[in-house]
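Reading through the structure tokens given below for one structure.
Below, chains carry the letters A, B, ... as their sequence lines are ordered, and counting in each starts from 1.
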2 protein chains.
Amino acid sequence: MDTAADTRQRLVDTARNLIAASSYHAVGVQEICGQAGVQKGSFYHFFDSKRELALAAVDDMAEYFSRSIFEHAFSADIAPLARIERFFTAVYNYHQQVKDTTGHVQGCPFGNLAGELGSVDSGMRDKIDTLFRLAETAIDQTLQDAVEQGDLPRMDTHAAARAIFAYAEGLILYAKTRNDATLIRDLGKRAIQLAIEAG
Amino acid sequence: MDTAADTRQRLVDTARNLIAASSYHAVGVQEICGQAGVQKGSFYHFFDSKRELALAAVDDMAEYFSRSIFEHAFSADIAPLARIERFFTAVYNYHQQVKDTTGHVQGCPFGNLAGELGSVDSGMRDKIDTLFRLAETAIDQTLQDAVEQGDLPRMDTHAAARAIFAYAEGLILYAKTRNDATLIRDLGKRAIQLAIEAG
DNA sequence: GCTTGACTTGACCGATCGGTCTAGTAGACT
DNA sequence: AGTCTACTAGACCGATCGGTCAAGTCAAGC
């Protein structure tokens with residue numbers, strides 16, 4: 001069924017895949033249309049520009065990661081600190097699976113786009129910043145739970161959450177650079193140490 | 001004096017600046033030539049391709065960072081752990097200065113290129129991987145010094161060094177996404193905590 | 001003074017870029 | 001049945017892409 005919604009979604013999905021596999025500037029509208037089986041005219045019926053599609057693709061990916069990783073990892077069925085460990089494991093699993101499928105650790109699509117466009121497209125940077133803050137909040141909330149349950153001393157959980165998420169992004173970029181996802185799994189275990197404030 | 005070496009270096013310098021300010025694919029050979037005051041033909045006399053120039057630019061940047069940040073930060077004039085702190089301060093200073101100059105935290109040029117090209121150009125990925133391993137080694141050596149001086153317990157310094165460097169890359173990417181270099185300064189202090197093994 | 005080879009000049013190449021436009025199709029509402 | 005609108009088809013646009021090439025400049029070595 002080629003409904004209009006399908007066409008739009010097909011463009012978003014294709015853009016997600018192609019941009020994640022290379023980069024924003026390396027992927028052309030023509031290539032996206034070709035792979036999605038959509039004509040140029042339809043493309044520009046749904047999106048004002050290539051950039052608008054990329055922004056939509058980022059939203060789509062954000063929702064995907066929120067559902068497939070965050071919701072599961074941070075659900076309160078286990079102890080708070082175990083949730084953070086579970087988060088890193090889920091991140092590892094995802095990137096390992098991408099590598100098994102494509103041969104490459106593709107890295108964090110948001111981080112990649114932030115690196116490529118952050119200094120050039122402030123709208124895109126803002127959007128990714130917002131997403132990162134959301135992730136930060138999930139970690140923050142978990143750390144607060146840990147403090148309340150006595151698993152961690154009282155601390156600035158917000159700063160600790162930022163440190164932990166930055167560490168996650170760093171591990172993912174590192175894993176991409178080395179094309180080895182196991183770094184995320186092996187070094188991710190240290191993440192919680194960032195929560196302990198220096199004396 | 002427009003010697004041949006000058007022409008080549010001017011191309012490398014211009015490529016460094018332009019690519020760091022945006023990205024590899026966003027910068028054209030024409031633009032590089034224009035800004036460097038060099039003609040197309042001269043460009044392709046010195047470099048076989050745009051990619052070769054980018055690789056040369058990466059080498060050039062690596063040498064620059066090695067001299068301007070690493071050599072100073074990790075010199076043995078202060079205690080080992082203080083050197084690591086000094087490293088993060090130096091990283092902060094650099095990115096703050098870039099922001100003061102350009103208005104944007106441009107991020108780690110190597111990390112940016114790894115994100116943009118890592119899945120597409122394995123030669124580039126390998127080169128950046130090698131550079132990261134060098135950085136890793138500097139941190140590893142410093143941690144070993146700290147262990148020997150009794151400032152840290154015995155540990156897997158290599159793994160700790162990888163964690164700390166990944167954390168640095170993460171903080172830099174985070175700072176770029178937020179266009180706020182102070183994150184590097186404020187959160188960098190926690191880096192050493194990554195060296196303490198869990199358990 | 002002649003030759004050689006490194007370097008420069010700038011026109012030129014086909015391909016592709018992001019984006020526009022006109023014509024047409026098809027399903028829903030009156 | 002007729003109209004309207006959402007959507008599709010695909011030719012077409014100027015600009016730019018990375019890269020080539022023939023012609024020429026110029027300084028060093030003989």
Side-chain angles (χ1 to χ4, degrees), chain A residues 1-58 60 112-113 116-117 119-124 127, chain B residues 1-58 60 112-113 116-117 119-124 127:
Chain A
M1 222 60 67
D2 275 9
T3 79
D6 273 351
T7 301
R8 201 195 118 98
Q9 192 57 44
R10 225 160 47 233
L11 286 168
V12 169
D13 289 344
T14 307
R16 271 180 53 169
N17 293 335
L18 291 178
I19 292 174
S22 55
S23 65
Y24 175 77
H25 279 111
V27 175
V29 172
Q30 198 165 305
E31 186 181 0
I32 295 170
C33 287
Q35 185 148 328
V38 172
Q39 299 293 337
K40 271 276 189 79
S42 294
F43 182 106
Y44 284 98
H45 171 74
F46 288 105
F47 299 99
D48 284 345
S49 65
K50 176 188 173 187
R51 177 175 176 270
E52 293 298 319
L53 171 62
L55 290 168
V58 167
D60 204 71
N112 292 345
L113 282 172
E116 183 183 0
L117 303 173
S119 306
V120 162
D121 182 338
S122 65
M124 179 65 85
K127 183 181 276 292
Chain B
M1 224 60 67
D2 275 10
T3 80
D6 274 351
T7 301
R8 202 196 119 98
Q9 192 57 43
R10 226 158 48 231
L11 285 169
V12 169
D13 289 343
T14 306
R16 271 180 55 168
N17 293 335
L18 291 178
I19 293 174
S22 56
S23 66
Y24 175 78
H25 279 111
V27 176
V29 173
Q30 197 165 303
E31 185 181 0
I32 295 171
C33 287
Q35 186 148 327
V38 171
Q39 300 294 338
K40 269 277 188 77
S42 292
F43 180 105
Y44 284 97
H45 171 74
F46 288 105
F47 300 100
D48 285 344
S49 66
K50 175 188 174 188
R51 176 174 176 271
E52 293 298 320
L53 170 62
L55 290 168
V58 167
D60 204 70
N112 291 345
L113 282 172
E116 183 182 1
L117 303 173
S119 305
V120 162
D121 182 338
S122 65
M124 178 65 83
K127 183 179 276 291

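- Within the structure, every side-chain polar atom (N or O) of B/Q30 is placed at least 4.0 Å from both OP1 and OP2 of D/dT16.
- Residue B/G41 is classed as a base contact, given a heavy-atom separation below 4.0 Å to a base.
- C/dT16 atom P lies 12 Å from atom NZ of A/K40, rounded to whole Å.
- At whole-Å resolution of the value, CG in A/L18 and P in C/dG18 are 12 Å apart.
- Taking the centre and axis of the six-membered ring of B/F43, the NZ or CZ atom of B/K50 falls outside the cone set by 45° and 6.0 Å.
- With respect to A/V27, the side chain to side chain contact (heavy atoms under 4.5 Å, CB included) criterion is satisfied by exactly one of A/I32, A/N17, A/L53: A/I32.
- Here A/Q39 does not reach the OP1 or OP2 of D/dT8: none of its side-chain N or O atoms lies under 4.0 Å away.
- For the OP1/OP2 pair of C/dT8 and a distance below 4.0 Å, the side-chain nitrogens and oxygens of B/T7 include at least one atom meeting the criterion.
- Atom-to-atom, CZ of B/F47 to C1' of D/dT20 comes out at 18 Å; the value is rounded to the nearest Å.
- Distance, A/F46 CZ to D/dA9 P: 11 Å, rounded to whole Å.
- Under a 3.5 Å cut-off, the side chain of A/R10 and the backbone N or O of A/A36 do form a donor-acceptor pair.
- An OP1 or OP2 oxygen of C/dG19 is reached within less than 4.0 angstrom by a side-chain nitrogen or oxygen of A/Y44.
- Mapping A/H45 and B/E31 onto DNA chain D via the closest heavy atom, the residue that lands nearer the 5' end is A/H45.
- Between the side chains of A/E116 and A/N112, no donor N or O sits under 3.5 Å from an acceptor N or O.
- A close approach under 4.0 Å does occur between a side-chain nitrogen or oxygen of B/K50 and OP1 or OP2 of D/dG18.
- The residue among A/A26 and B/F43 whose nearest nucleotide of DNA chain C is located toward the 5' end is B/F43.
- Remark: P of C/dG19 and CD1 of A/I32 are 11 Å apart, rounded to the nearest angstrom.
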